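In what follows, every heavy atom counts, from backbone to side chain, and hydrogens, waters and symmetry copies are set aside. Since this is a predicted model, take the numbers as computed values, not measurements.
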Amino acid sequence: MTERKLANVYAGDGFHWVGDGFYVTQVLPGTPELQKAADPFLLLDYNPVREYPPSTRLRGVGPHPHRGFETVTLAFEGAVQHHDSTGGGGTIYPGDAQWMTAARGILHKEYHAEEFAKTGGRFHMMQLWVNLPAKDKMSEPGYQALTAESMGKVKLAGGGTVTLYAGELDGERGPARTHTPMELWDVRLSANETAELAVPDGHTLMIFVLDGDVTTEGGTIGFEKLGLFERSGDTVTVTAPETGARFILLGGEPIGEPVIFYGPFAMNTQAEIVQAVNDFNAGTFGTLV
């Protein structure tokens, strides 16, 4: 076994509203160097715990397009509804996830679930954008509703637990269907517990800390910070402080292709971006009220 070493730690870019329902800090893409190192992850928006009062209005983001990647929404507290132009949709609750494949083009909207809006309460979410390889960018769009009950579960020898959205650990697998090999895990450690996690050598590896902080080979990753690891090594060892810790592990096989961003589109060339804008204006992404 070869230990992964922490390469750098990153913070978000301050807080801003996405629509009127999501108060986030954007950690990815960050700098051009981090964007390249985070491949296949394009974006990480983190909505920390925020208390919302009861409301008869559904806060959120109205219909908007995407092409060329997947959006992955993780619910920690609160509830989010999703609808898209393929007819996909549903509500996610704590422990659930929505995995939407935009691919050749989709319209979707995201907002606080009606029952949550009525009562108000604590809201805590994360959204990732996951790149698609060039061969899949113009494939059919789709939607996966991942329930808490469907997640893979691993009890670690050191006492911690791992919930698997995607990827494999100790013979357990997460339910998400991915276009490239990927690890997306929710890891919880009690006071002073240490997790020794097997990870694929050569995959991108990052840890975002939700609670507490964690110590690993090469340093400490603080609360609400993103730790990026060197690519070589097949094991990562993480230790929690006396208060315990919780973190999201993001891993994946690098796609290694150029990425051109333009708002909600992520393609390989500028010509493909122009085509995406033209196709959206022509109405080929479908309709969504």
Exercise. Of Tyr10, Phe247, Phe229, which meets side-chain contact (heavy atoms from CB on, under 4.5 Å) against Ile221?
Worked result: Phe229

Problem set entry | Pairs satisfying salt bridge (charged side-chain N to carboxylate O under 4.0 Å, His left out), at least one member in residues 236-249, at least two apart | Asp186-Arg246

Exercise. Between His124 and Tyr46, is the gap from one ring center to the other below 6.0 Å?
Worked result: yes

Problem set entry | Which residues share a ring pair (Phe, Tyr, Trp, His ring centres under 6.0 Å) with Tyr165, sequence neighbours left out | none

Which pairs would a plain distance check flag for residues 155-163, meaning a side-chain donor or acceptor within less than 3.5 Å of a matching protein atom at least two apart in sequence or in another chain?
unit_1: Lys155; atom_1: NZ; unit_2: Gly159; atom_2: O; d: 3.1
unit_1: Thr163; atom_1: OG1; unit_2: Lys153; atom_2: NZ; d: 3.1

Exercise. Does any pair with a residue in residues 270-289 pass salt bridge (charged side-chain N to carboxylate O under 4.0 Å, His left out), and if so which ones, sequence neighbours excluded?
Worked result: Arg67-Asp279

Exercise. Would you call Phe116 and Val80 a side-chain contact if the rule is heavy atoms closer than 4.5 Å?
Worked result: no

Exercise. Got Glu257 and Lys135 here, is their nearest side-chain heavy-atom distance under 4.5 Å?
Worked result: no

Exercise. Do you see a donor-acceptor pair shorter than 3.5 Å between the side chains of Thr204 and Arg231?
Worked result: yes

For this session: Flag the pair Asn47 / Val18 as yes when at least one side-chain heavy-atom distance between them is below 4.5 Å, and no otherwise.
Result: no

For this session: Flag the pair Glu140 and Arg104 as a salt bridge only when some basic side-chain nitrogen lies within less than 4.0 angstrom of an acidic carboxylate oxygen.
Result: yes

For this session: Could you tell me which residues satisfy salt bridge (charged side-chain N to carboxylate O under 4.0 Å, His left out) with Glu77, sequence neighbours excluded, listed by chain and number?
Result: Arg122

Problem set entry | Pairwise side-chain contact, Phe265 with Pro65, heavy-atom cut-off 4.5 Å (strictly under) | yes

Exercise. Think Arg50 forms a cation-pi with Tyr23, using NZ or CZ under 6.0 Å from the six-ring centre and within 45 degrees of its axis?
Worked result: yes

Exercise. Would you call Lys5-Glu217 a salt bridge at under 4.0 Å N-O?
Worked result: no

Which atom pairs, one a donor and one an acceptor, fall under 3.5 Å between side chains of residues 51-62 and the rest of the protein, sequence neighbours left out?
unit_1: Tyr52; atom_1: OH; unit_2: Gly21; atom_2: O; d: 3.1
unit_1: Ser55; atom_1: OG; unit_2: Arg57; atom_2: N; d: 2.9
unit_1: Ser55; atom_1: OG; unit_2: Arg57; atom_2: O; d: 3.0
unit_1: Arg57; atom_1: NH1; unit_2: Asp20; atom_2: OD2; d: 2.4

Exercise. How about His82 and Tyr143: are their ring centres within less than 6.0 Å of each other?
Worked result: yes

Exercise. Is there a side-chain contact between Phe76 and Val49, using heavy atoms and a 4.5 Å cut-off?
Worked result: no

